[in-house]
Each structure stands twice: as C-alpha cells, then as structure tokens.
**Q** 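Quick one: the structure is below, questions incoming.
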Amino acid sequence: MTDSGQRILVVDDEAPIRRYLRAALSAQGFDVYEAANGQEAINAVLTNRPDIIILDLGLPDFDGIEVTRRLREWSQTPIIILSVREAENDKIAALDAGADDYLTKPFSTGELMARMRVALRRMTSKLDDPILQVDGLEMDIARRIVTVDKNQIALTPTEYEILRLLLQNAGKVITHRQLLRQVWGIAYESEMHILRVNISNLRRKIEPDPTRPHYLLTEPGVGYRIRI
Amino acid sequence: MEHRPDPDELLKHIKSEEPGRGKLKIFLGYVAGVGKTYAMLEAAHQRKAQGLDVVIGYIETHKRAETEELVAGLEILSRKQIEYHNVSLPELDVDAVLKRKPQLVLVDEFAHTNAPGSRHPKRFQDVEEILDAGIDVYTTLNIQHLESLNDIVAQVTGVIVRETIPDRIIDEASEIEVIDLPPDELLTRLKEGKVYIPDLAARAIQEFFRKGNLTALREMSLRRAAERVDDQMRSYMQTRAIPGPWAATERLLVCISPSPLAEKLIRNTRRLADGLNAEWFAVYVEIASRPENNPTNRERIGRTLQLAEELGAKTLTLAGPSIHDAVLDFARKNNITKVIVGKPIKPRWQELWNGSIVDQLVYASGDIDVYVVSAEFESKKYVISKTFQPHRPLGRYLISLGLVALSTLISFFVRGNLEPTNLVMLYLTSVVVSAIFLGRGPSLLATITSVLAFDFFLVPPYYTFAVSDTQYIITFMVLFVISLIISSLTARVREQAEAAIRRESQTSVLYNLGRDLTSATDLNNIAQIIISHIGQTFAREVAIFLPENGHIHSFASSSNYQPDENELAVAAWTFEHDQPAGRGTDTLPAASIRCHPLRTPNGLVGVLGVHPKDTGSFLTPEQRQTLAAFANQAALAIERASLAEQAQQTKLLQATEKLQTALLNSISHDLRTPLVAITGALTSLDEQADDLNDEYRRSLVGTARGEADRLNRLVGNLLSMTRIESGAIKLHNEPGDIQDVIGTALEQLGKRVEGHEIKVKVPDDFPLVPMDFTLIVQVVVNLLDNAVKYSPEGSLIEVSALLADGKVRIQVADRGVGIPFEDLTRVFDKFYRVQRPESVSGTGLGLSISKGIIEIHHGNICASTREGGGTIITIELPLK
C-alpha cells in the first residue's frame with residue numbers, strides 16, 4: 001500500500017536515523033521533511049504542513065513531550081513518538097499530551113509502517129463505521145453485538161465500552177489513563193485494578209487462548225492495543 | 001706547599017651561614033649590673049629604626065628607670081604564667097613568639113631555668129626552638145654561666161653557679177658583644193643603688209663584689225671573647241686556605257673513672273682542648289675481669305660521659321684487659337697526641353699492690369704525652385668497689401665453718417694412717433667449696449680456720465698451735481696462699497658471671513621481643529606484643545601512637561590505661577620533632593609519660609609512650625638504653641606490618657582488576673559477536689550484490705535481523721544489570737494480572753519460543769498481585785528464554801501460578817539439561833553459565849537480573865532440579 005503524496009515530518013537529532021527514515025519512507029512514496037530539534041520541528045510543521053509527524057523524544061533543546069504539547073495547541077496532525085525501552089513515564093506523558101502512538105527503538109520498518117497507517121487512517125477516514133472488525137472479532141456498534149468467529153459474546157457494559165474504545169482505535173495504543181477516563185470517568189483515573197480485572201475478563205471471553213492474546217495486546221506499563 | 005681549605009671548618013662555616021635558622025647575638029657581661037640589658041635594648045631600637053620587626057619576648061628591667069625608658073616603644077609579648085605550687089610564675093611564651101613571627105625577638109637571661117611544667121627545662125632550649133623557626137634572637141648572659149668555666153668561677157668567687165649553658169651554644173652564636181665596665185665604675189654604680197642582683201642577700205653581694213673577684217671575672221670574659229675572635233679568625237683563614245700560625249692538629253684523650261674527680265678532669269680537658277684548638281675524646285674503660293657492679297658508680301660514669309659530650313667531646317666506652325692497654329691501643333689507632341689522667345687518689349699501698357694506672361700509662365705511652373691533673377679530694381662520697389661484702393648473711397659463714405669442721409672430723413679419723421700433708425687436700429676442698437658456693441668472705445674465713453685447725457688437730461704436737469716440725473710452716477703458708485688465691489679467683493669468676501648474667505638478661509629480653517615479633521604479621525598483634533613485653537620488662541604502662549592523616553592518635557595501650565590529652569600532646573610533639581620527650585627528657589619533663597619516636601630508615605612510623613605506674617620511679621640510664629633498643633625493634637615491626645597490609649591491598653587490587661578485565665573481555669566478545677553477522681551480512685549485500693541470489697539475500701538479511709535482535713537484548717540486559725546494581729530502579733507498583741504477564745512475555749518472545757510447546761496454567765479468579773508489571777514481564781521473559789535455550793526442540797515448557805502460604809508462586813519448568821546440584825544457587829550469580837559441552841550463546845545475565853528484580857519486590861527466586869530431568873525456577877511474590 002503506497003501512501004503517495006503524503007507528507008511526513010521526521011524529527012530526530014541523530015542524522016543516521018533521519019537518513020534511514022528518509023530512505024524507508026521515500027520508498028513508500030512519502031515526501032519526507034526533516035527537523036533536528038524542537039524549534040525546527042515546530043517551524044517545519046507551520047511551513048510544510050505534514051500529514052504525519054515522527055517525533056523523537058530525546059531532543060536537544062526542549063523534549064518531545066513539550067513539542068507534542070505545543071503542537072496540540074493548534075494542530076491535530078498525527079504524531080508518532082520514538083522512545084527507548086525504559087522510559088515508560090515519558091511515553092505515557094507524550095501519549096497523554098496528545099501523541100497518537102509510540103515506537104520503541106530499535107524498531108522494524110514494518111512496525112513503523114503499521115503504526116503510521118493506523119494513525120493516518122484515523123485522520124483520513126471520516127466515516128464512523130457502524131461495524132468494526134479485526135480478524136474474527138466483530139463489533140456491531142449500532143446493535144451493540146459482539147461476535148468472535150460468528151459466535152456472539154455476552155459482555156458487561158463496561159467490557160463493551162472498553163472493547164469499543166479499543167476497536168475504534170484499532171492498531172493504536174490507548175493508555176490506562178485514557179481508558180479509565182473514557183470508560184469510567186475522571187475520578188477513576190488511577191484505579192488500575194478495575195481496569196485489569198475487566199481486561200482479564202474481556203480476554204477470557206473473546207480470546208481463543210486467553211493466555212496468548214491474539215486480539216487484545218498489553219503494552220507493558222503504557223496501556224492496551226488491538227492487534228491489526 | 002699547597003694549602004687547601006679545611007673541610008671541617010668549611011662545614012662549620014656553611015652551617016653557621018645556614019639560611020632559615022635565626023641568628024643569635026649574645027650580650028656578654030662578666031657580672032650583673034654592667035649594662036647588658038640596656039645595651040641589648042639600644043641595639044634593638046637601632047634595628048627597629050632600620051625597619052626590622054622587633055618584639056620583646058622576655059625582659060627583666062629590675063625596675064631600673066633607664067632600662068624601663070628603653071622598653072617603651074617596643075612591642076612586648078605577654079608572658080606565659082606557669083602554675084607551680086600555688087604560685088604563678090611568669091615565663092617566656094614560646095608559642096606566642098612563634099605565632100607572632102617577628103624578625104627579631106629579645107630574650108633576657110639566657111641561662112635562666114624555666115619553672116617546672118614549661119615546655120623545656122631551660123630558657124636556652126626555648127631560644128633554640130625560636131632560632132629553628134627562623135627568628136633572630138638577642139639575649140644576655142653572664143660569664144659564670146658557661147659550663148666550661150663553672151669550676152673556675154666557683155674557685156674564684158666562692159659562689160657555685162648552678163644555671164649553666166653548654167659551651168656549644170655559645171660557639172654557635174653568630175655574634176657575641178662584650179659589655180665591659182671597669183670594676184671601679186661598677187662599684188660606684190653599686191653604691192648608687194643602680195645594680196640589682198637577685199638571689200643574693202646584701203651581705204653576700206658585698207662578698208661577691210670585691211674588686212679581686214670582679215677583676216678575675218672580667219679577665220675571664222675578655223679572654224673568652226678573645227678566644228672566640230681567635231677562633232673566628234682561624235676559621236676564616238682555614239676556609240680560605242690562608243696559611244696561618246696555627247698549631248698542628250692535636251687530639252686529646254681523657255680517661256673517666258667513677259671518682260668525683262672525673263668531672264673536674266673533663267672540664268680541664270675542655271679548656272685544654274680549647275686552648276690547643278684540639279679535638280678531644282673522653283673514654284671509660286670497662287675491664288672484663290673486674291666489672292663495675294656498683295650502681296652509684298655506674299650512674300656517675302654515665303653522667304660524666306654525658307657532660308663530656310655536652311662539652312664537645314666524642315665519648316666512647318672501651319673494653320680491654322687493663323686500663324692502660326685499652327687506652328693506649330685506642331690512642332694509637334686514633335692518632336691521639338695527649339692523654340689526660342687524674343692523679344691517683346687511692347692510698348699508696350694499694351697502688352703498690354695493684355699497680356698504678358698512671359705509671360703503667362706513662363711507661364707504655366711511647367711518643368704520646370701523658371698529662372696528670374690534680375684536684376682536691378673534696379668528699380668521701382666515693383664508693384670504692386668493695387672486695388668485701390660484709391652484708392652476706394651470717395649463715396654462710398657458719399656453713400663455711402661447718403665445712404672446715406667436717407674436714408677436720410674426717411681427717412681426725414684417718415689421722416694415723418695418712419701423712420698430714422695429704423690431709424691438707426681435704427681442707428683445700430672445703431676452701432674451694434666455700435669459695436664457689438658461699439662467697440669471698442666465707443671462703444676467707446674457711447682459709448684461716450683451715451690453717452688453724454690443721455695446725456691444732458693434725459700437726460704434732462696435737463691440740464697446740466706449736467709446731468714441732470718446721471716444715472709444716474711451709475705447708476701452712478702454702479695452704480694459706482693457695483686458699484687465698486682460690487677464693488679470690490672464684491669470687492672474681494662469680495662477679496663476672498653476675499655481670500654476664502645481667503648483660504644476658506638484657507639481651508635475652510630483646511631477643512624474646514624480636515622472636516615474638518617475627519611471628520606476628522597483623523598490626524594489632526604486633527602492638528599487643530610490644531605492649532606486653534615492654535610493660536613486663538619495665539613494669540610500666542605502655543601506649544603506642546600511630547599517625548593517621550598526619551596526626552598522631554592512640555592506637556593501642558595496656559589494659560586499664562588510656563593516655564589523656566596531655567600525654568597525647570607529648571606524643572604529638574615527639575612525632576613532630578622526632579626527639580624523645582616527656583619524663584626524664586629535656587622537653588616537657590613534667591609530663592607523666594615518656595615518649596620515644598619510632599624511627600626506621602624510611603622515616604617515622606609512630607611514637608612509643610611509657611607511663612610509670614608509680615610516679616616516683618625513674619628509668620636508669622641502662623633501662624633507657626634498653627627501651628631505645630625496644631623502640632627500634634617496635635618501629636621495624638610496625639613498619640613491616642603496615643608494608644604487609646599495603647602489599648595485601650595491592651594484591652587485592654590486582655585480583656579485582658584481573659576479574660574486571662576478564663568480565664570486560666567477556667562482555668566485549670558478546671557484544672561484538674552479533675556485529676560480526678550484521679556487518680558481514682550488510683557488507684555482503686552491499687559488495688556482492690550481483691553475485692547473490694534471492695535465497696542467499698534473504699538468508700543474510702534474516703541472519704542480520706536475528707543478530708541485531710540478540711544484540712539489542714544483550715544491551716538491554718547490561719543496562720538492566722547496571723541499573724539494578726546501582727539501585728537506580730524505581731518500582732512502579734500496581735496491581736497486575738499474572739496471566740497478562742505471562743501472555744505479554746510470550747508475545748515479546750515471539751519467534752524464540754516457536755520450537756517449543758508452552759503450557760500456561762493460571763487458575764481463574766487468581767487475585768491481582770502488586771508488582772511492577774514491566775519488570776516482572778522481563779523476569780518471565782528471561783526465565784522462558786533460559787528454558788528454551790537449555791531444553792531440546794519440541795520439548796514442553798510449563799508456566800504456572802498458584803497461591804501458597806499467602807504468597808504468589810510462579811513456576812517455569814522445563815525438560816532441559818538441568819542444573820548440577822552444586823550450581824543451583826550459583827546460577828543466579830552474574831555472568832554464571834553452567835559448564836556444558838555444547839556452548840550456549842548469550843551472557844549469563846538473565847537469571848541474575850531476574851533475581852535482582854524479584855528481590856526489589858521483596859520476593860524470592862530459586863532453582864531446583866525437576867524429577868525426571870529438567871529445571872524448575874520458582875518465584876515467590878508477596879501478596880501484601
């Protein structure tokens with residue numbers, strides 16, 4: 001699938017990484033723009049109006065979280081952040097600040113493309129699909145029916161809401177906090193155990209093998225994601 | 001003839017010009033009242049006018065108006081008050097001078113004795129310390145305070161002056177200014193009440209200030225000053241190799257005996273040496289066959305030798321068969337030109353009997369001059385080593401009589417059968433036995449009674465002292481003479497044996513210390529050995545002070561003894577100045593401790609302190625020598641211990657470095673190995689692009705990807721390990737789902753577990769467990785990775801969770817090669833890898849990191865062997 005003509009802004013202070021991304025993305029037909037620090041990034045967004053931004057969190061002047069925050073003040077462009085394995089707090093902070101997804105360095109080009117596609121699709125698809133479907137999992141939003149391999153699954157309202165939120169953002173990570181806020185409300189932002197229990201129950205219902213989730217993936221320390 | 005500068009003179013010259021040491025100027029007068037203090041103050045004002053920083057350290061104006069006027073205008077340093085017997089005595093405050101650091105300080109009365117409790121017993125020692133600090137000093141002195149003139153002054157004036165200064169100090173002074181006043185003028189001033197003399201009653205002053213006395217004293221001081229000028233002139237000429245009218249170098253030797261005459265002899269020799277500008281030696285001869293056992297005499301000899309040294313002699317103790325032999329032998333070997341002895345004081349008949357030392361010297365001296373010096377025999381304080389020891393218990397005499405009686409009895413019975421001359425032997429036996437076992441006195445008694453008994457009982461006519469056959473008189477005489485000789489010889493042998501035993505005990509004490517020290521290596525041990533040996537030998541309490549960061553502190557001490565602050569201060573002084581201090585020394589003699597520096601050729605290692613249990617006892621000079629020997633041994637042993645410690649630490653450091661190097665090599669290898677495949681693959685793809693077909697290309701790429709993953713994991717592991725070790729891990733504890741953990745771990749492992757069957761068993765309704773989700777996932781990943789690595793393809797790996805004893809137990813079980821029993825705990829060590837024939841890739845960090853993470857969670861992890869083969873790793877986490 002080629003995304004021809006779409007513009008990408010790559011923000012990273014490491015030149016080799018920018019080179020690699022330029023090569024990989026150009027091959028996919030993207031127009032690649034580069035920025036090496038936060039200030040350049042903001043300027044580039046204003047100047048070039050990219051369709052999607054790849055943003056490294058470890059920038060020299062002000063960090064990626066700050067860039068995300070500033071951009072989100074006036075732009076809805078999808079942002080995918082690049083981070084290292086251990087920096088969970090940074091990932092969560094960036095996602096909560098408005099980033100759409102994240103990639104842990106080192107990543108494969110395949111992962112990158114997958115994430116980007118998901119992020120772009122959300123933007124391009126204006127239609128609210130009544131039926132969400134991933135593999136054997138189907139959710140009919142209008143009729144509030146969930147089936148797995150054509151078998152109807154009975155979910156509690158909460159479980160349903162969780163699944164709906166995840167499916168509507170299939171392929172994108174949803175943080176714990178986002179889930180708790182949207183499904184339960186702001187007061188429940190830190191009630192991890194409720195979330196865990198519900199996810200566990202949900203898995204037991206929809207997964208063929210709950211011990212090896214196929215649909216509902218855990219992003220350790222960050223949140224959950226539907227695999228596409 | 002070529003003249004070269006005399007090296008000794010040059011050295012003296014250089015030393016006196018030494019920069020850094022202050023210069024001493026002495027204002028010398030021949031009696032109190034000539035105006036020395038006044039002259040000193042005048043000179044000080046002159047120097048001040050030249051711009052020098054001048055202060056007064058200690059001045060005695062005696063309330064004289066003219067002197068007081070001069071004091072005004074100069075800064076006066078406050079005196080140090082020393083408390084002594086409820087009286088506050090003002091003394092020179094040395095510390096104040098050193099702190100103030102002027103260029104010049106005035107210190108009156110050079111020969112003054114400080115109050116007990118001062119740092120040094122004498123003021124001139126204080127001045128020496130000030131000079132050492134680079135400060136110039138002006139001082140005043142009267143001629144009678146010179147050590148070498150002490151006896152003459154006493155003779156002339158009838159007043160014995162006790163406060164003396166060693167001549168060496170005067171010689172080393174950079175300038176001497178003689179303050180002279182004709183005696184007539186002085187007497188006038190005395191009448192006018194302008195002269196103040198402390199310590200003398202009015203009558204005594206009149207006695208002292210007779211014109212004859214004054215003239216004599218004046219002549220002495222002028223002569224002394226002239227001698228010094230002469231010396232300086234000679235020195236000047238000699239350093240410049242100017243031929244001059246000096247005498248050929250003389251060398252004098254004076255013999256010391258225990259007689260009180262000895263001190264006078266020493267002073268005489270000093271004056272003679274001065275006059276001849278000669279080097280001089282003072283020797284004491286110890287005769288092996290007649291050792292000096294009397295302690296008073298030995299003490300006197302020690303003091304005399306010390307006096308000689310202070311006056312500038314080189315002192316020695318010689319050993320030899322006789323005095324004149326030892327002396328002349330030494331004299332010839334050392335180019336002595338004149339030998340000085342004292343006139344004999346023993347009665348004439350003793351001289352005839354024993355032989356006169358003087359005569360023997362004179363006859364055997366050859367071309368060496370012998371000077372015989374006389375003196376008045378002042379007192380009967382001389383203890384002549386007695387050959388009789390009338391203190392022997394009476395019992396011994398009775399026993400010796402008994403022996404004689406026994407011999408008589410035996411002879412009585414055999415009287416008829418043997419010639420009397422043979423019976424003499426029995427008596428000789430009893431005399432010998434007496435001499436050996438009972439002493440000189442009893443054996444002498446035995447001798448006499450033997451002869452008498454022999455005569456009375458065994459020589460006809462019996463029971464009378466008359467002698468019928470005059471031959472027996474010869475027998476008597478021979479018996480008597482032989483007995484005398486024997487008893488004398490045996491007694492001598494006994495005395496020598498006593499002396500030898502005494503010497504031996506000293507040596508053996510040292511030997512014991514040395515022997516015990518060689519076997520000790522630990523510093524504490526060594527300290528204890530030293531303390532116990534010295535404590536026992538000298539019956540004192542001991543403390544050892546060692547330096548730490550340049551300051552001394554008490555390292556070890558006898559039990560029940562802890563040096564107090566004052567004693568610590570003495571030790572600190574000893575350490576700083578590398579000289580003995582405290583009780584019995586010249587510095588801080590009022591202290592309750594005596595401190596010795598512990599010196600080795602490499603420097604000062606510490607300080608040894610001895611504290612007497614009873615304040616009355618002092619060490620004899622012999623004991624002090626022994627203590628010094630002990631201190632040397634102790635110093636060497638301590639040095640040895642600290643060197644051993646250093647060596648040990650160096651070895652440890654080397655071992656640690658070796659280990660670190662090995663680790664680094666291993667990590668480096670493990671990091672580089674994946675890069676080989678990656679670089680290889682990429683370069684192949686790049687350089688051999690045309691030669692590769694799709695299959696190869698895919699293979700290369702696949703390999704490179706796999707290896708890149710491996711490298712990534714390794715780097716991640718190393719980082720985790722570092723974080724765990726440095727304690728930088730922060731737990732984000734939140735309720736977590738075990739099933740989720742396992743599922744996530746399997747997801748992360750991805751292809752790596754493809755070749756194995758994984759069975760997961762987590763009961764439904766398993767509670768949420770507080771944990772850091774990401775970290776526990778990492779643990780499970782590590783454990784599964786291990787299980788996969790060490791078990792064959794297709795084998796089963798089981799992961800289960802259950803509740804036990806209020807804890808969560810997670811187990812990962814495989815059917816792999818298993819872990820040997822000895823290694824079950826060691827597998828969790830860093831970089832540990834079970835030794836197996838098939839080499840397994842990956843660094844041995846996984847289990848170690850898991851252990852670290854589990855421990856941060858306050859949990860447990862352990863490995864066990866599985867029945868039927870394989871390994872079970874069990875994790876326990878608290879449910880909180």
Side-chain angles (χ1 to χ4, degrees), chain A residues 16 20 23 83-93 103-111 162 173 175-177 179-180 188-227, chain B residues 678 701 704-705 708-713 715-717 719-720 722-723 728-750 753 757-781 798-801:
Chain A
Y20 147 66
S83 74
V84 293
R85 189 175 88 175
E86 292 76 21
E88 245 115 62
N89 289 341
D90 292 345
K91 284 180 223 169
I92 297 173
L103 278 166
T104 307
K105 295 192 277 195
F107 50 84
S108 71
T109 317
E111 278 181 81
I162 294 173
V173 67
T175 63
H176 300 305
R177 189 200 250 181
L179 272 166
L180 285 165
Y188 289 80
E189 247 179 28
S190 338
E191 303 293 316
M192 270 302 285
H193 57 280
I194 299 180
L195 184 56
R196 295 273 194 221
V197 169
N198 276 283
I199 295 284
S200 170
N201 293 338
L202 192 52
R203 274 204 180 108
R204 244 177 246 124
K205 289 182 182 172
I206 67 171
E207 295 282 356
D209 178 3
T211 59
R212 291 262 229 149
H214 175 73
Y215 298 107
L216 222 181
L217 296 176
T218 306
E219 297 283 324
V222 180
Y224 294 97
R225 182 201 305 273
I226 294 285
R227 189 209 303 264
Chain B
I678 296 169
V701 168
R705 272 189 82 149
D709 269 339
R710 188 154 81 101
L711 187 54
N712 189 25
R713 266 177 286 139
V715 168
N717 273 351
L719 284 172
S720 297
T722 316
R723 255 195 226 102
I729 296 219
K730 271 188 280 203
L731 273 192
H732 296 133
N733 249 348
E734 270 173 358
D737 178 11
I738 294 293
Q739 201 180 69
D740 200 351
V741 168
I742 299 171
T744 312
L746 288 169
E747 182 69 34
Q748 281 188 5
L749 282 160
V753 290
E757 193 191 329
I758 314 278
K759 215 197 285 182
V760 180
K761 205 167 64 182
V762 178
D764 293 341
D765 303 325
F766 201 81
L768 293 179
V769 184
M771 62 166 85
D772 184 312
F773 192 88
T774 318
L775 290 177
I776 300 296
V777 167
Q778 198 176 340
V779 170
V780 176
V781 166
E798 295 171 61
V799 187
S800 56

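Throughout, protein chains are lettered first and strands after them, A, B, ... in sequence-line order, and every chain is numbered starting at 1.
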**Q** Counting only non-hydrogen atoms closer than 4.5 Å, does B/Asp740 touch chain A with its backbone (N, CA, C, O), its side chain (CB onward), both, or neither?
**A**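 Interface part for B/Asp740: both.
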**Q** Using a heavy-atom cutoff of under 4.5 Å, enumerate the residues of residues 767-780 of chain B that contact chain A, numbered in order, or state 'none'.
**A**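 Under the 4.5 Å heavy-atom cut-off, B/Leu768, B/Phe773, B/Thr774, B/Gln778 qualify.
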**Q** Under 3.5 Å, is there a donor-acceptor pair between the A/Tyr20 and A/Thr109 side chains?
**A**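 Yes, A/Thr109 and A/Tyr20 have a side-chain donor paired with an acceptor closer than 3.5 Å.
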**Q** Chain B heavy atoms under 4.5 Å from A/Glu219: which part of the residue, side chain, backbone, both or neither?
**A**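 The answer is neither part of A/Glu219.
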**Q** Roughly how far apart are A/Arg196 CZ and A/Thr218 OG1, rounded to 0.5 Å?
**A**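 So the CZ of A/Arg196 and the OG1 of A/Thr218 are separated by 7.0 Å.
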**Q** To the closest 0.5 Å, what do you measure between OG1 (A/Thr211) and CZ (A/Arg204)?
**A**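 With rounding to 0.5 Å, OG1 (A/Thr211) is 10.5 Å from CZ (A/Arg204).
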**Q** Report the option among B/His732, B/Gln739, B/Glu734 that has the most heavy-atom pairs separated by less than 4.5 Å from atoms of chain A.
**A**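 Top option by heavy-atom pairs under 4.5 Å: B/Gln739.
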**Q** Taking every heavy-atom pair that is under 4.5 Å apart, which of A/Asn89, A/Val222, A/Asp209, A/Leu195 has the most such pairs with chain B?
**A**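 Top count of heavy-atom pairs under 4.5 Å with chain B: A/Asn89.
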**Q** Tell me, for A/Ser190 versus chain B, whether the close heavy atoms (under 4.5 Å) come from the side chain, the backbone, both or neither.
**A**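 For A/Ser190, neither part sits under 4.5 Å from chain B.
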**Q** Checking B/Asn712 side chain against B/Ala708 main chain: does a donor-acceptor pair fall under 3.5 Å?
**A**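 No, B/Asn712 side chain to B/Ala708 backbone: no donor-acceptor pair under 3.5 Å.
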**Q** Check B/Pro763 against B/Ala801 and note the closest heavy-atom contact, atom names and distance.
**A**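 Closest heavy-atom pair between B/Pro763 and B/Ala801: CD-O, 3.2 Å.
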**Q** Counting only heavy atoms closer than 4.5 Å, note whether A/Leu217 contacts chain B via side chain, backbone, both or neither.
**A**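 Only the side chain of A/Leu217 comes within 4.5 Å of chain B.
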**Q** B/Asp764, B/Asp709, B/Val762: which one forms the most heavy-atom pairs within less than 4.5 Å of chain A?
**A**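 Among B/Asp764, B/Asp709, B/Val762, the one with the most close pairs to chain A is B/Asp764.
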**Q** Measure the spacing between CG of B/Leu746 and CD1 of B/Ile758 and express it to the nearest 0.5 Å.
**A**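 CD1 of B/Ile758 is found 6.0 Å from CG of B/Leu746.
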**Q** For the NE2 atom of A/His176 and the CD atom of A/Glu191, what is their distance to the nearest 0.5 Å?
**A**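 A/His176 atom NE2 to A/Glu191 atom CD measures 13.5 Å (nearest 0.5 Å).
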**Q** As an exercise, state the distance from CD of A/Glu189 to CZ of A/Arg177, rounded to the nearest 0.5 Å.
**A**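 Nearest 0.5 Å value for the CD-CZ distance: 4.5 Å.
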**Q** What is the distance from atom CG of A/Asn198 to atom NE2 of A/His193, rounded to the nearest 0.5 Å?
**A**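 NE2 of A/His193 is found 10.0 Å from CG of A/Asn198.
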